[in-house]
Amino acid sequence: MEAVAKLNNVPTSARKMRMVADLIRGQRVDRALNLLKFEPKEGAARLEKLLRSAVSNWIAKNEDERLEDANLVIKEIRVDGGRILKRLRPAPQGRAHRIRKRSNHVTLIVDSKAASTMVTAGKEEEVTNETAN
């Protein structure tokens with residue numbers, strides 16, 4: 001069973017956060033935590049905290065299963081643009097330049113590897129049955 005964690009209005013541009021999210025997409029949770037711990041980018045610390053939250057949400061949903069046996073993987077990580085704060089910066093000759101302070105929303109879904117492989121195996125069987133007909 002999958003677990004979801006969301007992080008809204010992170011004061012970093014979505015482009016910078018996607019660079020860090022691409023590092024951990026599809027990885028096992030323990031490997032992703034190690035990558036994020038030693039990543040120097042600003043978004044890594046926020047994603048590490050979000051990943052830990054998703055794991056604790058999974059533990060709360062699946063109290064009968066052990067975390068070590070689950071083989072959790074990052075099923076999906078999505079970084080969407082958030083609101084933009086518009087500010088003005090003084091420019092030469094009485095003009096003003098607009099400064100856009102961007103933010104983003106991150107959605108992270110973790111799932112056990114056994115469950116995700118069963119789902120993909122079922123889809124592959126359907127595809128092979130359709131092509132055989």
Side-chain angles (χ1 to χ4, degrees):
M1 178 177 274
E2 62 186 30
V4 180
K6 293 182 180 183
L7 185 62
N8 289 332
N9 294 320
V10 181
T12 308
S13 71
R15 184 177 180 181
K16 290 178 184 177
M17 189 65 85
R18 278 189 201 110
M19 289 175 62
V20 180
D22 289 341
L23 289 174
I24 63 170
R25 183 172 283 120
Q27 299 283 335
R28 290 181 42 213
V29 168
D30 54 351
R31 177 164 166 69
L33 285 171
N34 285 334
L35 285 171
L36 292 174
K37 185 175 184 178
F38 296 107
E39 178 65 32
K41 296 194 182 298
E42 179 186 350
R46 295 177 196 267
L47 282 183
E48 181 182 4
K49 191 172 180 180
L50 182 67
L51 182 55
R52 289 185 189 279
S53 174
V55 170
S56 68
N57 290 344
W58 185 89
I59 291 170
K61 277 187 172 181
N62 303 301
E63 294 175 356
D64 53 336
E65 294 185 41
R66 291 185 48 208
L67 181 62
E68 294 81 19
D69 298 336
N71 261 344
L72 287 180
V73 294
I74 298 174
K75 182 178 177 182
E76 180 181 350
I77 183 167
R78 190 172 54 245
V79 180
D80 301 319
R83 66 178 181 191
I84 299 176
L85 298 175
K86 294 174 180 163
R87 301 290 183 255
L88 295 177
R89 163 131 330 151
Q93 299 180 354
R95 289 186 286 238
H97 290 159
R98 179 170 278 176
I99 303 295
R100 292 184 299 275
K101 296 187 175 191
R102 299 175 186 270
S103 66
N104 64 64
H105 307 306
V106 183
T107 305
L108 185 97
I109 301 174
V110 296
D111 198 2
S112 61
K113 190 164 187 161
S116 61
T117 55
M118 286 191 297
V119 170
T120 56
K123 288 181 182 177
E124 290 173 2
E125 289 175 11
E126 290 176 11
V127 170
T128 56
N129 289 340
E130 289 175 5
T131 55
N133 292 334

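It should be emphasised that the depicted structure is a prediction, and the values quoted were computed from it without experimental measurement. Throughout, residue positions are numbered sequentially from 1 according to the sequence presented.
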*asked:* Rounded to the nearest 0.5 Å, what separates atom CG in Asn62 from atom CD in Glu2?
replied: 11.0 Å

*Atom CE of Met17 and atom CG of Leu7: how far apart are they, to the nearest 0.5 Å?*
6.5 Å

*Mark yes or no for whether Arg102, through its side chain, and Gly81, through its backbone, hold a donor-acceptor pair below 3.5 Å.*
no

*Locate the shortest heavy-atom distance separating Trp58 from Met1; write the atom from each residue and the value.*
NE1-O, 2.8 Å

*Taking atom OG of Ser103 and atom CG of Leu85, what is their separation to the nearest 0.5 Å?*
6.5 Å

*For residues Lys37 and Glu48, report the shortest heavy-atom separation together with the two atoms involved.*
CA-OE1, 3.9 Å

*Tracing side-chain links under 4.5 Å among I, L, V, M, F, W and Y, which residues wind up in one group with Val4?*
Ile109

*May I ask you to decide if Arg78's main-chain N or O and Thr107's side chain share a donor-acceptor pair within less than 3.5 Å?*
no

*Go through the structure and list residues passing side chain to side chain contact (heavy atoms under 4.5 Å, CB included) with Ala91, not counting sequence neighbours.*
Arg95, His97

*Is there a path from Val29 to Leu36 through hydrophobic residues (I, L, V, M, F, W, Y) whose side chains come within less than 4.5 Å of each other?*
yes

_NZ on Lys75 to OG on Ser112, rounded to 0.5 Å_ = 9.5 Å

*Are Ile77 and Leu33 joined in one hydrophobic group, where the rule is that I, L, V, M, F, W and Y side chains link up if heavy atoms are under 4.5 Å apart?*
yes

_Minimal non-hydrogen separation, Leu23 against Leu35, with atom names_ = O-CD1, 3.9 Å

_hydrophobic_cluster_shared for Leu72 and Ile74, side chain cutoff 4.5 Å_ = yes

*Taking the side chain as every heavy atom from C-beta outward, state whether His105 and Val79 have any atom pair closer than 4.5 Å.*
no

*Enumerate the residue pairs fulfilling side-chain hydrogen bond (donor to acceptor under 3.5 Å, both in side chains) with a member in residues 23-36, sequence neighbours excluded, ordered by first and then second residue.*
Asp22-Arg25, Gln27-Arg31, Arg28-Asp30

_Least distance between heavy atoms, Ala44 atom then Val20 atom_ = CA-CG1, 3.8 Å

*Any side-chain heavy atom of Asn104 sitting closer than 4.5 Å to one from Lys16?*
no

*For the atom pair CZ (Arg87) and CD1 (Ile99), what is the distance rounded to the nearest 0.5 Å?*
11.0 Å

*In Å and rounded to the nearest 0.5 Å, what is the CG to NZ distance from Asp80 to Lys6?*
10.0 Å

*Flag yes if Ile59 and Leu51 sit in one hydrophobic cluster, no otherwise; membership is Ile, Leu, Val, Met, Phe, Trp, Tyr, and two members link when side-chain heavy atoms are under 4.5 Å apart.*
yes

*asked:* Under 4.5 Å between side-chain heavy atoms, counting indirect links through other Ile/Leu/Val/Met/Phe/Trp/Tyr residues: same cluster for Val73 and Leu50 or not?
replied: no

*Specify the closest pair of heavy atoms between Val110 and Ala54, including all atoms of both residues, with the distance to one decimal.*
CG2-O, 3.8 Å

*Answer whether the closest heavy-atom distance between the side chains of Glu42 and Pro11 falls below 4.5 Å.*
no

